[in-house]
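Here the structure is laid out as structure tokens; the discussion comes afterwards.
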Amino acid sequence: MLRSCTAGLRSLWALRGRREGAARLSADLQPARRLFSTEKAVHKDWALPNPSWSKDLKLLFDQFMKKCEDGSWERLPSCKHTCTYKSEDFKTYFLDPQLVEGEGLSQAQLFTRGFEDGLGFEYVIFNNNDEKRTVCLFQGGPYLQGIPGFLHGGAIATMIDVAFGSCAAISGGAVMTANLNINFKRPVPLCSVLVIHSQLDKLEGRKLFVSCNVRSVDEKTLYSEATGLFIKLDPKKSST
Ligand SMILES: CCCCCCCCCCCCCCCC(=O)SCCNC(=O)CCNC(=O)[C@H](O)C(C)(C)COP(=O)(O)OP(=O)(O)OC[C@H]1O[C@@H](n2cnc3c(N)ncnc32)[C@H](O)[C@@H]1OP(=O)(O)O
């Protein structure tokens, strides 16, 4: 497995630079764009297949895109730079403009999108609004290694947080993680594809309780289970 990962690494480096092409604006993005209302049309969407995606990831992606056809599911676009966090919604809560658009932040980018193709976090999230749940398809690349040959627990936690964040934001708007609890049940082989099923369990005032399980592509292996608490930011409170 590691050998194929290393071989993949060589071809991945060859792909450097390809991702900075023109923005892809396809019709299937339109429903999800409602969440990202302040996004400029020029931002590239990273939650789309690239040559580093494994056959398994592409297959699952296609299956979920089919589910989007009747409108029950939607694919969430993903930006590398600030379109999510610089949204007007978040500015409301961070009254000090330095925090969201200070000069020192010109290089800021979303942590999970900061790697070259295939080396770090490759993922896409699909949302089912009626059922208040999301499915995140995630391929963890070689730069996310923890113990040799396996994904770092922090990388898994990060992906769970992102999946939870999306699930909670759909119901709560501008939310932040207050608590995460993860049970790591099996080590995850590096470069494998994971399916993270998240759901909103309870909404209690500003508190959104979410849970998820992390499984293999064939759903037979349960790698992790987690719960989280997200808090809808209160416009009357400044978070600074
Ligand atoms: C519209 C835009 C869409 C955008 C589309 C986004 C797509 C998304 C994709 C990316 C997704 C990335 C996902 C990364 C997400 C982070 O990485 S966020 C960064 C990590 N988190 C933080 O830094 C948060 C730090 N903590 C804080 O700032 C504050 O504690 C919080 C969470 C904002 C809450 O503060 P607060 O608003 O003052 O709330 P507070 O009154 O203290 O508590 C409210 C209630 O929650 C309870 N509570 C608060 N904290 C806890 C806790 N830890 N445990 C238990 N209960 C708690 C309180 O007891 C209280 O309960 P009640 O008394 O109401 O019953």
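The first residue in the sequence is number 1, and the count goes up from there. Whatever order the structure lists ligands and atoms in, that order sets their numbers, starting from 1.
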> Heavy atoms only: which of Ile170, Asp161, Leu229 is nearest to atom 14 (C) of ligand 1?
Replying inline: Asp161

> Which atoms from ligand 1 have a heavy atom of Leu233 less than 4.0 Å away?
Replying inline: 33 (C)

>> When you compare the side chains of Glu122 and Asn50, does any donor N or O come within less than 3.5 Å of an acceptor on the partner?
In response: yes

>> I'd like to know whether Lys132 forms a side chain to side chain contact (heavy atoms under 4.5 Å, CB included) with Cys167, so could you lay out the CA-CA distance, the side-chain angles of the two residues, the decisive distance to 0.1 Å, and finally the verdict.
In response: CA-CA 7 Å; Lys132 305 284 179 237; Cys167 189; 5.9 Å; no

Mind listing the side-chain donor-acceptor pairs of residues 55-66 below 3.5 Å, one per line with the distance, residues two or more places apart or on another chain?
unit_1: Lys66; atom_1: NZ; unit_2: Glu69; atom_2: OE2; d: 3.4

>> Would Ala178 count as being in polar contact with ligand 1, using the rule that some N or O on each side must be under 3.5 angstrom apart?
In response: yes

>> Quick check against the 3.5 Å criterion: does Asn179 have a side-chain atom that pairs as donor or acceptor with the backbone of Gly228?
In response: no

> Looking just at side-chain N and O atoms, do Glu225 and Asn183 make a donor-acceptor pair shorter than 3.5 Å?
Replying inline: no

>> Would Thr177 count as a polar contact of ligand 1, with the cut-off being nitrogen or oxygen pairs under 3.5 Å?
In response: yes

> Is there a heavy atom of Gly205 sitting under 4.0 angstrom from any atom of ligand 1?
Replying inline: no

> Relative to the heavy atoms of Gly173, which atoms of ligand 1 are at a distance of less than 4.0 Å?
Replying inline: 1 (C)

> Heavy atom under 4.0 Å from ligand 1: found in Leu110's side chain, backbone, both, or neither?
Replying inline: neither

>> Judged on heavy-atom distance to atom 62 (P) of ligand 1, which of Arg206, Lys207, Met159, Met176 sits nearest?
In response: Lys207

> Between CG of Asn213 and NE2 of His197, what distance do you get to the nearest 0.5 Å?
Replying inline: 6.0 Å

>> Using a 4.0 Å cutoff against the non-hydrogen atoms of Ala174, which atoms of ligand 1 qualify?
In response: 1 (C)

> What are the two closest heavy atoms between Leu208 and Lys232, and how far apart are they?
Replying inline: CD1-N, 4.0 Å

